[in-house]
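Structure first, commentary second.
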Amino acid sequence: MRRIRLAGLALAVLTTVMITGCGTSSAVNSTNGNVSGQATNAAAGSAGQDANPPFANRLKDLPATPDPQFDATSVSAATYGSVTVYDANGSKVILDAKKTPILFVAYWCPHCQRTLVLLNAHRQSLAQFPTLVSMGFAPGTSLSEAVSITHQEMSYFHIQNVKEYYYLGSKSQTLVPQGYPTLVFPSQGSVSAMFGEHTIGAWQQAMHSQ
């Protein structure tokens, strides 16, 4: 019995270490406004999320070791070939990951914040900076509120001159099946994806992948 319990504890610890992204709901923990875990929380979606928590610097929350591996996996080109988003002025835009890298992020996700700061600090070494899609908002969030919250984040972290759009649809789980952050990018005529925090070397390889 003792061995079984120890094995279970080891598995739990291993699972925690391997998780490097946030689930798709920001309402699970009202204390810090975010959730940890890809597989556990991705299915939760944004159900039950009544309001958007205010923006806060969460760089030190949910510490994780970024994945150094370029562990891209093939994903549906149909899903990411026509992603409907909006710009800050309300104009509808269709993004195609077969043509440009797209990074899906949520402002309340510590892993997303660290990823954005990392990419911004090393942007000169990237073949291109990914197009950002801000999402993970509470159902019914207006575009103006999404823009305001995201601009607070971008301003706080001094991230400028990036293409940024907003997703307010109901299919977040389809776009980020393993949680935030999710990067989708062109790969040999199709689309590949990486999930969770990675080292700059892995991101550089993804940005150079065509």
Side-chain angles (χ1 to χ4, degrees), residues 10-26 28-29 32-42 44 53 55-75 80 97 100-136 150 153-154 156-164 167 172-173 175-187 191-210:
L11 179 60
V13 171
L14 178 61
T15 301
T16 301
V17 172
M18 292 176 65
I19 292 173
T20 59
C22 287
T24 55
S25 172
S26 66
V28 173
N29 190 328
N32 58 28
N34 61 60
V35 294
S36 174
Q38 297 171 339
T40 301
N41 297 301
F55 165 73
N57 177 353
R58 305 193 184 283
L59 294 178
K60 295 182 179 180
D61 292 351
L62 304 180
T65 300
D67 188 347
Q69 301 298 319
F70 176 64
D71 51 359
T73 58
S74 179
V75 293
Y80 296 104
T100 186
I102 304 172
L103 182 63
F104 297 97
V105 292
Y107 76 93
W108 42 261
C109 168
H111 309 283
C112 297
Q113 290 188 3
R114 288 193 290 267
T115 295
L116 288 172
V117 170
L118 178 69
L119 293 177
N120 190 53
H122 294 85
R123 64 191 307 163
Q124 296 303 321
S125 70
L126 302 175
Q128 57 185 312
F129 200 90
T131 295
L132 302 182
V133 173
S134 187
M135 54 194 300
T150 305
E153 178 186 27
M154 296 295 105
Y156 185 90
F157 292 124
H158 306 290
I159 300 174
Q160 302 176 333
N161 301 319
V162 298
K163 293 182 179 180
E164 187 171 30
Y167 179 82
S172 298
Q173 186 179 337
L175 297 174
V176 288
Q178 296 192 51
Y180 303 106
T182 290
L183 175 74
V184 291
F185 54 94
S187 179
V191 179
S192 291
M194 292 202 310
F195 308 100
E197 286 191 70
H198 285 74
T199 60
I200 190 59
W203 294 126
Q204 289 169 336
Q205 192 167 346
M207 299 305 169
H208 284 81
S209 179
Q210 297 293 330

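The first residue in the sequence is number 1, and the count goes up from there. No experiment lies behind these values; they were computed from the predicted model shown.
A pairwise comparison of heavy atoms in Pro63 and Arg114 identifies CA-NH2, 4.1 Å as the closest pair. Residues Thr115 and Glu197 approach most closely at OG1-CG, 4.0 Å, considering heavy atoms. The minimum heavy-atom distance between Ala127 and Met207, with the atom names listed, is CB-O, 3.6 Å. Across all their heavy atoms, Glu164 and Thr150 have their closest contact at OE2-CG2, 2.7 Å. The two atoms that bring Val176 and Tyr80 nearest to each other are N-OH, 4.4 Å, heavy atoms only.
Take Thr199 and apply the side-chain contact (heavy atoms from CB on, under 4.5 Å) test, not counting sequence neighbours, and it matches Pro66, Pro68, Ala202. Partners of Thr182 under the side chain to side chain donor-acceptor pair (under 3.5 Å) rule, at least two apart in sequence or in another chain, do not exist in this structure. Scored by the side chain to side chain donor-acceptor pair (under 3.5 Å) test, Asp67 finds no partners at all (sequence neighbours excluded). Residues forming a side-chain contact (heavy atoms from CB on, under 4.5 Å) with Ala106 (at least two apart in sequence, or on another chain): Trp108, Cys109, Tyr180. Residues satisfying the side-chain contact (heavy atoms from CB on, under 4.5 Å) criterion with Tyr156, sequence neighbours excluded, are Phe55, Asn57. With sequence neighbours excluded, the residues satisfying side-chain contact (heavy atoms from CB on, under 4.5 Å) with Ala72 are Phe70, Phe185, Ser192, Met194.
Remark: Leu116 CG to His158 NE2 distance equals 14.0 Å, nearest 0.5 Å. Rounding to the nearest 0.5 Å gives a distance of 8.5 Å between CD1 of Ile159 and CG of Leu119. Rounded to the nearest 0.5 Å, atoms CD (Gln173) and CD (Gln178) are 11.5 Å apart. Put simply, CG on Asn120 and CE on Met154 are 8.5 Å apart, with the number rounded to the nearest 0.5 Å. A distance of 10.5 Å separates CZ of Arg58 from CD of Glu153, quoted to the nearest 0.5 Å. Atom OG of Ser134 sits about 9.0 Å away from atom OH of Tyr107, to the nearest 0.5 Å.
Between His198 and Trp203, the two ring planes are perpendicular [angle over 60°; tilted spans 30° to 60°].
Side-chain contact between Gln204 and Leu126: present, with at least one pair of heavy atoms (C-beta onward) separated by less than 4.5 Å. Counting only heavy atoms from C-beta outward, the side chains of Phe195 and Pro177 approach each other to under 4.5 Å.
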Determine whether Thr131 and Val162 satisfy the following criterion, side-chain contact (heavy atoms from CB on, under 4.5 Å), listing intermediate values before the conclusion. CA-CA 7 Å; Thr131 295; Val162 298; over 6 Å; no
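Of the listed residues (Leu183, Leu132, Leu175, Val184), just one forms a side-chain contact (heavy atoms from CB on, under 4.5 Å) with Ile102, and that residue is Val184.
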